Amino acid sequence: MPAIPMKDPFDYIIVGATGDLTMRKLLPAFYQRFRAGQIPQGTCIIGVARTTSTTEEYRNRAKEALVEFLPAESQDDKAISDFLKFLEYIPLDAADQEDAHWPELCGLLKNEDRVRVFYLATAPSVYTGAAAGFAEHDLITPKSRIVLEKPIGTDLKSAEAINEGVGQYFPETAIFRIDHYLGKETVQNILALRFANPMIERSWNSSTISHVQITAAETVGVGSRGSYYDTSGALRDMVQNHLLQVLAVVAMEPPVTFSASDLRNEKLKMLRALRPMTEEDVVRDTVRAQYVAGKIGDKSVPGYLEDLGSDTSSTETFLTLRTEIRTPRWAGVPFYLRTGKRLPRKTSEIVIQFRPQPWPIFSEAPPAGRLVIRVQPDEGMSFVFSAKNPDKADFSLREASLDVSFSSEFHTRYPDSYEHLLLDTVRGDQVMFIRRDEVVASWNWIEPILSAWEGDKRPMETYAAGTWGPESSAQLLARDGFVWNEEQPEI
Ligand code: NDP
């Protein structure tokens, strides 16, 4: 990530400063950018949460988090202690306009010429109240921005309530809806791959591509987030935001320019072009399931209900769905989305599967090639293609692979996506953030699936932890003559 110097100091207010996201992601991301020389002296990072604590105590807690969550090679005692000096802490209920600590926050925010960012790292129920609090206490300046974490609502109505609520106090140009998948280098690299390489872009359509697979797999279960997750499930937690955003980036038409509005216009078109799901489509084209006890590697792990401490739940921890994009470029090309917890490997990848050779020249049909884009871990790409098998006397074929691991290719540390996104909010660059109409389009497409699932009385399918979901997930592709990438036969 280029260390573009940030010239002017800024004020960054993190509401939810004691939470998991701040400790695990935001503070380490700020620290890395500080080490890269991108946090100007005089910058103030103000932590806000209801817990009573002094700035000194907060800095100690932040230090523990940095030591726990930063990779060892990034830890430097002097840099950590210098970084901690940027931090302040105010105990404040941001949704309570009468809280006695507002004047302390106002006292730290005297300079109205500076960029001011309010990052809401709390549950969404706090967003509108906090935005109202900033307005009530005259903290919103022309250079202010507000960052909203996911989830933006649990359905269209609640999403629009948040958009309306926050929109009373901040214009759309100052609202940064974060989706950390868009901060990932490899997701951004899809834009470079397609739009900087005409050869690839010219093949990026239904005449060359037979289907697209987008997978986001986790090995972890729900852990301590079970009570939140049980109200959400994989469709709301992963598909409505991350996977649909990745799909939009993979499928979009070239934007006229790389501006936020042009790029987001093109993503929006893709979200609106998704084939709406009828109840019949949902039954045919979606699979949802819950993990039961199994093994991840050698380790036995409990099932979802045990993790949750409950006898029953109708929340999906895994799903596969098949959709299509109704545009000339993508006519007849299925897009399969798959995500789940307790799967065999942590991986996020996009597989662009090419069409097979249409005419039999060789004695055996050559395997159809594919491009595998690894979003995480080991960010990179593999181009799998057919080659002549040198070990055989006849002209037989085998698969060969061109692999690029971006970190070895570019000799660089791949930054966490929050490192990009935090600085984008300071620069006011909305390219990699989600616009309100995109949120609406996503929910419009997701809602019929949710309602069809609610009305579906069939028992929830299960899968053993450590497997790639229930058999029906593989069957959904098999029906179209395809297999998931990890099941491709070795030739
Ligand atoms: P946590 O429950 O760990 O933290 C919530 C934070 O908000 C705490 O610091 C809490 O502190 C504070 N808080 C709650 N209410 C108020 C209030 N009224 N005023 C001020 N502070 C308040 O949640 P996470 O950190 O896990 O998640 C935060 C948000 O980020 C959620 O929307 C989540 O969905 C999203 N997110 C989280 C990710 C993660 O990896 N954790 C990943 C992606 C998104 P206190 O109780 O002291 O007020």
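Quantities reported herein were computed from a predicted structural model and do not represent experimental measurements. Every number for a ligand or one of its atoms is a count from 1 in the order of the listing.
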Practice prompt. For residues 50-72, pull every pair meeting salt bridge (Lys or Arg N to Asp or Glu O under 4.0 Å), keeping only residues two or more places apart or in separate chains.
Written response: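 Applying salt bridge (Lys or Arg N to Asp or Glu O under 4.0 Å) to every pair that reaches into residues 50-72, excluding sequence neighbours, yields Arg59-Glu88.
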Discussion item. Can you check atom 23 (O) of ligand 1: any protein non-hydrogen atom closer than 4.0 Å?
Written reply: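 Under 4.0 Å from atom 23 (O) of ligand 1, zero protein heavy atoms found.
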Worksheet item: Can a protein heavy atom be found under 4.0 Å away from atom 2 (O) of ligand 1?
Response: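 When distances to the protein are checked, atom 2 (O) of ligand 1 has no heavy atom within 4.0 Å.
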In ligand 1, which numbered atoms sit nearer than 4.0 Å to a non-hydrogen atom of [X]?
X	result
Ala121	5 (C), 6 (C), 7 (O), 28 (C), 29 (C)
Ala94	17 (C), 18 (N), 19 (N), 20 (C)
Thr18	8 (C), 9 (O), 10 (C), 11 (O), 47 (O)
Arg24	39 (C), 40 (O), 41 (N)
Pro151	34 (O)
Val15	20 (C), 21 (N)
Asp93	17 (C), 18 (N), 19 (N)

Discussion item. Just so I know, are the side chains of Tyr336 and Leu321 near enough to count as touching, which here means a heavy-atom distance under 4.5 Å?
Written reply: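 No; the side chains remain at least 4.5 Å from each other.
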Worksheet item: Side chains of Thr215 and Thr339: closer than 4.5 Å at any heavy-atom pair?
Response: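 Answer no - side chains too far apart.
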Worksheet entry | Tyr89 versus Thr51, closest heavy-atom pair with distance |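 In this case the closest contact between Tyr89 and Thr51 is OH-O, 2.6 Å.
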Worksheet entry | Nearest heavy-atom neighbours spanning Lys150 and Asp237 |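 In terms of heavy atoms, the two residues are closest at NZ-O, 2.9 Å.
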Proximity flag [X] to ligand 1, non-hydrogen atoms under 4.0 Å:
X	answer
Tyr229	no
Leu92	yes
Lys25	no

With heavy atoms under 4.0 Å as the rule, classify the contact between [X] and ligand 1 as side chain, backbone, both or neither.
X	result
Ala17	backbone
Tyr127	side chain
Thr51	both
Ala49	both

Among all protein non-hydrogen atoms, which one is nearest to [atom], and what is the separation to 0.1 Å?
atom	value
atom 35 (C) of ligand 1	Lys150 O, 3.3 Å
atom 12 (C) of ligand 1	Gly16 CA, 3.5 Å
atom 32 (O) of ligand 1	Thr122 O, 2.8 Å
atom 27 (O) of ligand 1	Leu21 CB, 4.2 Å
atom 26 (O) of ligand 1	Asp20 CB, 3.6 Å
atom 44 (C) of ligand 1	Glu149 OE1, 3.1 Å
atom 4 (O) of ligand 1	Gly19 CA, 3.2 Å

Discussion item. Arg225 vs Glu218, test: salt bridge (charged side-chain N to carboxylate O under 4.0 Å, His left out). Steps then yes/no.
Written reply: CA-CA 14 Å; Arg225 294 182 80 216; Glu218 297 178 285; over 6 Å; no
Fill in: All salt bridge (Lys or Arg N to Asp or Glu O under 4.0 Å) counterparts of Glu316, not counting sequence neighbours
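If we apply the salt bridge (Lys or Arg N to Asp or Glu O under 4.0 Å) test to Glu316, skipping adjacent residues, there are no hits.
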Item to complete: Can you measure from CG (Asp424) to CE (Met432) and round to the nearest 0.5 angstrom?
Response: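 One gets 8.0 Å once the value is rounded to the nearest 0.5 Å.
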Discussion item. Return the CG to CZ distance between Leu21 and Arg24, rounded to the nearest 0.5 Å.
Written reply: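 Reported value, rounded in 0.5 Å steps: 7.0 Å.
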Discussion item. Taking Glu149's backbone N and O only, do any of them form a donor-acceptor pair with Arg177's side chain (distance below 3.5 Å, no angle check)?
Written reply: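 Answer holds: no.
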Discussion item. Keeping Tyr31 on the side-chain end and Leu84 on the backbone end, is there a donor-acceptor pair under 3.5 Å?
Written reply: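 No.
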Worksheet item: Is Asp155 salt-bridged to Lys157, going by a charged N under 4.0 Å from an acidic O?
Response: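 Salt bridge: no.
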Worksheet item: If hydrogens are left out, which of Arg225, His180, Arg50 has an atom nearest to atom 15 (N) of ligand 1, that is, the closest non-hydrogen atom?
Response: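 Selected option, by shortest heavy-atom distance: Arg50.
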Practice prompt. Could you go through the ring pair (Phe, Tyr, Trp, His ring centres under 6.0 Å) check for Phe30 and Phe83 one step at a time?
Written response: CA-CA 9 Å; Phe30 266 126; Phe83 170 71; 7.1 Å; no
Worksheet item: Under 6.0 Å between ring centres, would you say that holds for Tyr291 and Phe318?
Response: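 For Tyr291 and Phe318, the ring centres are not under 6.0 Å apart.
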